[in-house]
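Just follow the structure's listing: the first ligand is 1, and inside any ligand the first atom is 1.
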Amino acid sequence: MSKSTLKGTLVIATNNPDKLKEIKDILKNNDLKLLSPAELDNFPKIEENGKTLKENAIIKAKAVWNKYHLPCLADDTGLEVDCLGGKPGVYSSRYAGANATYEDNRQKLLREMENIPQPDRTARFRCVMAFIDNNGIEHITEGTIEGEIIDSCRGDSGFGYDPVFLVPSSGKTLAELSVDEKNKISHRHNALKKIIPVIKEKLMRDK
Ligand code: IMP
């Protein structure tokens with residue numbers, strides 16, 4: 001591909017369709033050509049074996065950079081529950097086991113927190129974004145959202161732990177907010193907001 005064809009092209013390096021949808025939605029209106037894994041040949045199955053969110057985000061972005069040599073963006077996210085010492089954290093997707101579903105993970109979390117009173121159920125989502133630019137240089141940002149874990153699921157929107165994550169200022173879980181409402185306040189939005197200027201600076205000019 002010529003350099004002008006590539007201008008503004010960014011691969012979203014995730015195999016998770018829920019994240020892909022949110023990232024694309026938050027990045028829209030930035031004049032970027034977003035490429036999804038489905039649009040690339042043989043998109044790699046990436047093993048997330050890092051010990052931190054940052055390591056995992058970099059592992060995912062590097063796997064894509066090494067294969068296609070295209071600028072790419074990867075997200076790694078964890079739910080940190082204070083009364084559980086920050087768990088499930090980096091293990092959020094595998095909290096209830098290697099092949100756990102979103103529902104398995106939510107139910108395990110609710111069981112672990114069964115006797116914890118509401119004031120002690122504070123938690124946050126932490127999202128680390130890794131962007132690899134057209135010269136192979138890494139850029140990292142982080143975004144969080146503070147909230148509380150409630151004692152049962154509420155709402156059908158969103159994904160993962162959204163139905164148990166209360167946003168105190170709205171009185172709603174992330175799964176009770178609309179897609180637009182979540183994408184204006186989420187950890188993912190907050191991490192992307194910081195990295196968008198860097199992406200645009202690196203990708204929108206010819207090199
Ligand atoms: P990973 O970043 O792909 O390792 O995903 C971690 C896990 O955190 C996912 O499997 C989801 O269960 C959960 N997760 C990530 N982002 C969100 C979110 O925005 N809302 C709710 N759960 C999330």
Is the shortest N/O to N/O distance between Lys182 and ligand 1 below 3.5 Å?
yes
Protein residue, atom and distance nearest to atom 6 (C) of ligand 1, heavy-atom basis
Thr77 O, 3.3 Å
Test item: His189 and Asn183 side chains (from C-beta on) under 4.5 Å apart, heavy atoms:
no
Do ligand 1 and Ser92 have nitrogen or oxygen atoms that lie under 3.5 Å from each other?
no
Tell me, which protein residue and heavy-atom name are nearest atom 9 (C) of ligand 1, and how many Å apart are they?
Ser93 CB, 4.0 Å
With heavy-atom distances below 4.5 Å as the criterion, would you say the side chains of Asp151 and Ile116 are in contact?
no
Same cluster or not: are Ile12 and Leu203 linked, directly or through other Ile, Leu, Val, Met, Phe, Trp or Tyr residues, by side-chain heavy atoms under 4.5 angstrom apart?
yes
Do His187 and ligand 1 have an N or O pair less than 3.5 Å apart?
yes
Check this for me - ligand 1, Asp76, N or O atoms closer than 3.5 angstrom, yes or no?
yes
Just wondering, do Ile145 and Phe165 contact through their side chains at under 4.5 Å, heavy atoms?
yes
I would like to know whether Arg106 and Glu103 meet salt bridge (charged side-chain N to carboxylate O under 4.0 Å, His left out); could you show each step before the answer?
CA-CA 5 Å; Arg106 286 193 294 263; Glu103 177 65 12; 2.7 Å; yes
Given side chains that start at C-beta, do those of Pro44 and Asn66 come closer than 4.5 Å, heavy atoms only?
no
Considering non-hydrogen atoms of the protein only, which is the closest contact for atom 22 (N) of ligand 1, and what is the distance?
Tyr161 N, 3.1 Å
Write out the residue and atom name of the closest protein heavy atom to atom 20 (N) of ligand 1, then the distance separating them to 0.1 Å.
Asp162 OD1, 2.6 Å
At a non-hydrogen distance cut-off of under 4.0 Å, which region of Lys60 contacts ligand 1 (side chain, backbone, both, or neither)?
side chain
Around atom 1 (P) of ligand 1, find the nearest protein heavy atom and jot down its residue, atom name and distance.
Lys19 NZ, 3.2 Å
Heavy-atom pair with the smallest gap, counting every atom of Ile149 and Gln118:
O-NE2, 3.2 Å
Closest non-hydrogen atom pair, Leu70 against Trp65:
O-CE3, 3.3 Å
Identify which of Tyr91, Tyr95, Tyr102, Phe159 has a heavy atom lying nearest to atom 23 (C) of ligand 1.
Phe159
Closest approach of any protein heavy atom to atom 16 (N) of ligand 1, naming residue and atom
Arg188 NH2, 2.8 Å
